[in-house]
Amino acid sequence: MGSSSISSATGGGSLSVPSFNLVPFTPTRVNFSRDDANPHQRRQLFIPHLPFSALTPLFRSRQLVRGMLRVNKRNRSDAYVSCEELDADIYVCGSRDRNRALEGDVVAVRLVDVQRVLSEKKEKEEAKLNRNGGQVKVRLPDEEDENEIIFGGDDDIETVRPKYCGMVVAILERAQNQVFSGTLTLRRPNNKRAQEDQQQQHHHHQQEKPMQDPPRIVWFKAVDKRVPLIAIPIEQVPADFVDQHEAYADRLFVSSIKRWPITSLHPFGTLEHELGPIAHLDVQTMAILADNNVTHTDFTDQVYKCLPSIPYDFSPVPTDRRRDFTGIRAFTIDPAGSDVLDDALTIQRVGDDTFEVGVHVSDVTYFIKANSPLDKEARARGVRVDLIHKSVPMLPEPLTQNVTNLVPDETRFSFSVVWKLDSEGKILDTWFGKSMVKSRARLSYEDAQQVLDGHALEKIEDTELRAGISADIQSLYAIASQLHDRRYTKGGAMHQQREPLAFTFAHDVIDNAHCIPSQIGVAKKIEAAKVVKEFLLLANTCVAQKVSSHMPELALLRRQPRPLERKILALQDYARDMLGVHINVDNAQGLQQSLQAIDNPQLRNMVAVLLLKTMQPPKYFCTGVLDIVKFAHYSLNLPLFAHFTAPSRRFADIVVHRQLEATLANDRNFYLDRDTVHKLGQHCNVKKEAALVAREQSAQLFASMYLNSIATPRNVDDPSIRVLQREALVISVFDDFFDVMIPELNMERRIHLANLPVWRHELDQSRRALTMFWKKGVDTSTGRQPTCSLSDDEYEDFIDDIGTTATTNGTTTTTNGQQQHPEPTKSSNKRQSIIQSRLSNSTGFSVEQSSQTIKALDKVRIILTIEMMHTPPLIRVLAANPYA
């Protein structure tokens with residue numbers, strides 16, 4: 001297909017972005033060319049991958065495009081390729097067109113006609129329907145369907161027609177040493193023949209007849225459902241697995257993919273090692289790290305040999321190459337418990353209304369020689385990964401703890417950005433340069449907040465130092481507040497982050513017996529954090545401007561595209577029609593002002609959560625591969641932005657440090673070329689995203705442990721699943737499901753009616769109200785009839801939970817909104833009060849029809865089920881049956 005074919009397949013338009021050379025960056029042990037060999041001439045299920053030697057001219061002639069593949073979590077037969085050369089994702093239909101590519105692979109794609117792909121997909125679905133005798137096979141919703149709410153996840157192509165379609169013709173890169181956690185199974189799941197064989201073997205076993213020969217392979221089922229089943233040679237599994245495979249159902253293993261021939265439906269892999277029982281904290285933690293490709297093993301001897309002598313001698317002071325700030329009062333402010341001290345602040349009054357403020361970042365790169373084993377290992381790890389109870393460092397801790405951390409009373413090398421500003425935060429001058437600094441105090445956000453609240457810094461014993469640092473914090477806060485206000489009023493920025501869950505532990509998390517949080521809740525925002533964040537943000541912005549002006553083709557910056565237009569416009573309509581809220585979607589400033597204009601904090605929080613669903617994540621990029629109009633960071637509303645202030649946590653910052661050093665030295669020969677910087681940015685994006693997912697999964701793990709500790713068993717026969725009730729806020733309603741949020745758990749879930757004891761349901765489109773007709777007496781969490789009826793004890797429990805506000809003067813509301821009054825008998829009044837205690841005041845219901853009508857902003861009783869035998873543990877949300 002020539003370049004003209006691409007134009008016709010994409011609906012016209014030229015691709016003006018420069019082509020890339022193939023830069024091997026993350027080598028893999030998979031030999032893709034070997035997989036395409038077919039010496040026995042078996043039936044091919046996939047097309048062979050194009051050889052690497054053929055790809056470069058095809059990219060240059062625009063016959064192929066490249067991008068990163070992601071698999072739809074809800075519908076694993078759909079995949080998409082994000083390509084910077086195109087203005088929309090490429091839809092890849094089915095496993096054949098995906099051609100053995102996995103989630104996160106960088107692939108070469110040939111664009112194909114969209115209508116042809118959709119027509120073939122429809123024909124396949126019709127053929128499948130005919131094979132099933134006209135019966136539509138309906139897949140029950142699983143946890144992935146429940147995790148995505150309105151405006152979240154990938155669009156179904158039945159709803160939104162893809163702009164581009166394509167097929168994978170080569171896998172360019174795969175994550176280095178990629179592994180997956182999962183379980184072993186003797187027979188291939190969902191295989192009718194295997195199930196019949198298993199039943200036959202069970203029958204033979206009962207008759208004490210000899211079993212057939214053991215299988216040559218067993219199956220590895222990854223926790224991540226986007227990963228295909230992996231065939232494992234029988235020789236690699238535990239010796240007793242075939243005879244005792246049921247005993248391994250709750251044990252986790254780690255596997256990798258080694259080859260995927262074009263003649264095989266499934267890849268072949270290696271069983272790397274066993275993690276252990278799924279319910280153990282250390283096993284769950286190792287599984288999280290494995291699934292996010294986090295290297296958690298110790299650093300090699302070659303890496304340790306790169307470290308400077310410890311303790312490191314910082315004398316004599318190299319004043320000819322470094323500006324000396326050791327005589328100026330500096331201090332660090334970090335989250336409580338942080339063991340990475342990368343940045344310190346200084347402030348001096350240098351005039352009547354002029355201040356010199358410095359951000360001093362640890363000069364980590366001084367101790368890391370480019371392309372050394374230490375540099376390569378840091379690059380491979382990409383980021384420091386912070387879980388709830390432990391961290392996986394990017395750099396060896398002897399280096400950070402003993403040489404680079406800006407600890408009190410120790411001289412350290414730093415890379416500084418120093419401004420002269422007035423009291424309103426207007427920048428009068430900026431200086432960049434290598435420096436030396438000596439911190440005087442190690443403070444937390446809470447310590448700084450004490451100062452702002454007028455309390456003394458008790459942790460600093462020296463009264464003169466305490467007074468000086470307290471005055472510095474007050475001065476820095478005054479200027480930071482001006483910078484903050486200007487960013488949000490004149491600068492047009494918006495607040496994009498939501499506060500995370502915070503966990504309180506009664507003791508250190510050391511083993512399975514000491515790992516359950518004593519309390520969880522949404523973290524409280526600390527005003528003093530503004531002192532640090534505003535100046536770090538300003539430093540990152542100034543560095544981006546400085547570096548990009550010197551090396552316009554090589555600067556490693558960070559950008560954020562605009563929200564997805566279809567989603568942001570749909571949110572605008574939904575907020576207006578269903579929530580009564582006007583949202584200005586013109587720019588980030590309009591979005592921020594719209595949020596601030598919402599008086600109801602619960603409604604404001606809901607809209608903010610939905611708004612985040614429409615946002616695209618920030619990405620690192622090389623300035624030489626994108627048009628300048630794409631450089632901007634949307635939520636910060638900045639034309640240029642970089643990461644400079646956390647070199648111990650992010651490898652991208654190390655690269656930017658080197659670029660700033662080259663800029664200040666006027667060095668035009670940077671050690672990395674454009675394509676390598678581009679690849680490096682993509683690698684850092686993958687690693688940063690993986691670190692965020694690992695953190696979220698760790699938070700889910702500990703939230704599950706806490707909830708499990710206060711829940712009750714679902715039933716005596718199955719103590720592994722426990723349940724508890726909470727109240728949730730309805731976000732939106734649809735034909736077959738509705739979305740809710742549980743604010744105190746920072747949780748949003750989709751509740752599918754297929755999983756509820758509902759025998760009928762109706763959606764009133766005009767009112768956007770969903771009416772559910774419940775099966776009387778059937779408990780949601782078990783699907784069983786309760787062993788006892790509505791009792792006086794239960795009545796008292798619900799009244800205590802809800803409070804007296806649940807009563808509505810004995811009046812029920814039918815589905816059409818009319819009021820009716822039941823007979824005033826004692827039993828009917830009691831039953832009605834119990835029903836009302838399970839429904840919010842705004843929820844319509846009819847006792848006679850066992851119906852419940854809900855709409856956005858209603859409160860509903862929900863049941864949380866916690867399944868600890870998943871990894872991470874599974875928290876499902878179901879609506880409670882008020883008529884059980």
Side-chain angles (χ1 to χ4, degrees), residues 23-28 173 175-177 293-310 312 314 321 340-343 361-385 391-406 412-415 434 543 547 551 554-558 620-622 642-665 667-688 690-691:
V23 179
F25 183 71
T26 51
T28 172
E173 293 178 28
Q176 189 175 18
N177 302 326
N293 203 27
V294 176
T295 302
H296 62 274
T297 54
D298 193 12
F299 295 89
T300 64
D301 290 341
Q302 289 83 355
V303 170
Y304 279 118
K305 287 177 182 177
C306 296
L307 301 187
S309 59
I310 298 175
Y312 184 78
F314 286 89
R321 298 187 303 274
V340 175
L341 308 177
D342 262 349
D343 53 88
V361 180
S362 175
D363 191 5
V364 173
T365 54
Y366 177 82
F367 301 97
I368 304 176
K369 185 178 179 181
N371 295 320
S372 66
L374 173 57
D375 184 56
K376 291 178 180 178
E377 181 63 24
R379 181 180 68 180
R381 297 190 179 212
V383 292
R384 171 188 168 97
V385 179
S391 298
V392 180
M394 182 184 77
L395 299 173
E397 291 187 345
L399 176 65
T400 55
Q401 299 296 324
N402 301 311
V403 181
T404 63
N405 266 2
L406 306 183
R412 292 290 187 257
F413 289 160
S414 52
F415 212 156
K434 295 290 185 104
V543 168
V547 169
M551 43 182 71
L554 292 177
L556 181 62
L557 303 185
R558 190 161 175 82
Y620 297 109
F621 73 102
C622 176
H643 271 166
F644 167 79
T645 54
S648 298
R649 294 178 176 274
R650 302 178 300 229
F651 190 77
D653 298 51
I654 290 178
V655 176
V656 173
H657 272 231
R658 290 168 175 164
Q659 291 188 333
L660 180 59
E661 185 174 6
T663 297
L664 298 178
D667 182 359
R668 297 288 175 180
N669 298 312
F670 191 60
Y671 78 108
L672 300 175
D673 62 21
R674 184 199 65 178
D675 293 335
T676 305
V677 173
H678 171 68
K679 298 292 299 164
L680 190 54
Q682 289 184 322
H683 171 71
C684 290
N685 288 333
V686 171
K687 288 298 183 179
K688 188 163 181 60

Closest heavy-atom pair and its distance - [X], [Y]:
X: Asp342; Y: Thr645; answer: CB-O, 3.8 Å
X: Asn402; Y: Arg412; answer: O-NH2, 3.3 Å
X: Val403; Y: Ile310; answer: CG2-CG1, 4.0 Å
X: Val303; Y: Pro396; answer: CG1-CG, 3.9 Å
X: Asn293; Y: Ala175; answer: ND2-CB, 3.3 Å
X: Ala555; Y: Val547; answer: CB-CG1, 3.8 Å

For the residue pair [X] and [Y], establish whether any side-chain heavy-atom pair is separated by less than 4.5 Å.
X: Phe367; Y: Leu374; answer: no
X: Asn371; Y: Tyr671; answer: yes
X: Phe299; Y: Pro373; answer: no
X: Val340; Y: Pro393; answer: no
X: Leu672; Y: Arg658; answer: no
X: Phe621; Y: Leu557; answer: yes
X: Val392; Y: Thr295; answer: no

Quick one: [atom1] on [X] to [atom2] on [Y], what's the gap to the nearest 0.5 Å?
X: Ser648; Y: Gln401; atom1: OG; atom2: CD; answer: 9.5 Å
X: Thr400; Y: Leu406; atom1: OG1; atom2: CG; answer: 11.5 Å
X: Leu680; Y: Leu556; atom1: CG; atom2: CG; answer: 6.0 Å
X: His657; Y: Lys434; atom1: NE2; atom2: NZ; answer: 8.5 Å
X: Thr297; Y: Asn177; atom1: OG1; atom2: CG; answer: 9.5 Å
X: Ser362; Y: Asp343; atom1: OG; atom2: CG; answer: 9.5 Å

Member of Arg379, Arg381, Arg649, Glu377 meeting the side-chain contact (heavy atoms from CB on, under 4.5 Å) criterion with Met394:
Arg381

Among Leu664, Val656, Asp653, side-chain contact (heavy atoms from CB on, under 4.5 Å) partner for Phe415:
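Single side-chain contact (heavy atoms from CB on, under 4.5 Å) partner of Phe415 among Leu664, Val656, Asp653: Leu664.
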
Side chain to side chain contact (heavy atoms under 4.5 Å, CB included) partners of Lys688, counting only residues at least two apart:
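In terms of side chain to side chain contact (heavy atoms under 4.5 Å, CB included), with neighbours along the sequence ignored, Lys688 is linked to Val383, Arg558, Tyr620, His643, Arg650.
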
Ring pair (Phe, Tyr, Trp, His ring centres under 6.0 Å) involving Phe670 - partner list, sequence neighbours excluded:
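Testing Phe670 for ring pair (Phe, Tyr, Trp, His ring centres under 6.0 Å), a comparison that skips the adjacent residues, returns none.
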
In sequence, state the C-alpha distance, the side-chain angles, and the governing distance for Asp363 and Val361, and then conclude on side chain to side chain contact (heavy atoms under 4.5 Å, CB included).
CA-CA 6 Å; Asp363 191 5; Val361 180; over 6 Å; no

Side-chain H-bond candidate by donor/acceptor type, Ser391 with Arg384, under 3.5 Å
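Result is yes, a qualifying pair exists.
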
Under the side chain to side chain donor-acceptor pair (under 3.5 Å) rule, what do Thr676 and Asp673 come out as? Steps first, then yes or no, please.
CA-CA 5 Å; Thr676 305; Asp673 62 21; 2.6 Å; yes

What class does the angle between the rings of Tyr312 and Phe413 fall in, given that below 30° is parallel, 30 to 60° is tilted and above 60° is perpendicular?
perpendicular

Within a reach of under 6.0 Å around CZ of Phe314, are more than 12 heavy atoms found that belong to other residues, nucleotides or ligands?
yes

Are any side-chain N or O atoms of Gln176 and backbone N or O atoms of Ala380, one a donor and one an acceptor, separated by less than 3.5 Å?
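Side chain of Gln176 to backbone of Ala380, a donor-acceptor pair under 3.5 Å: no, none is there.
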
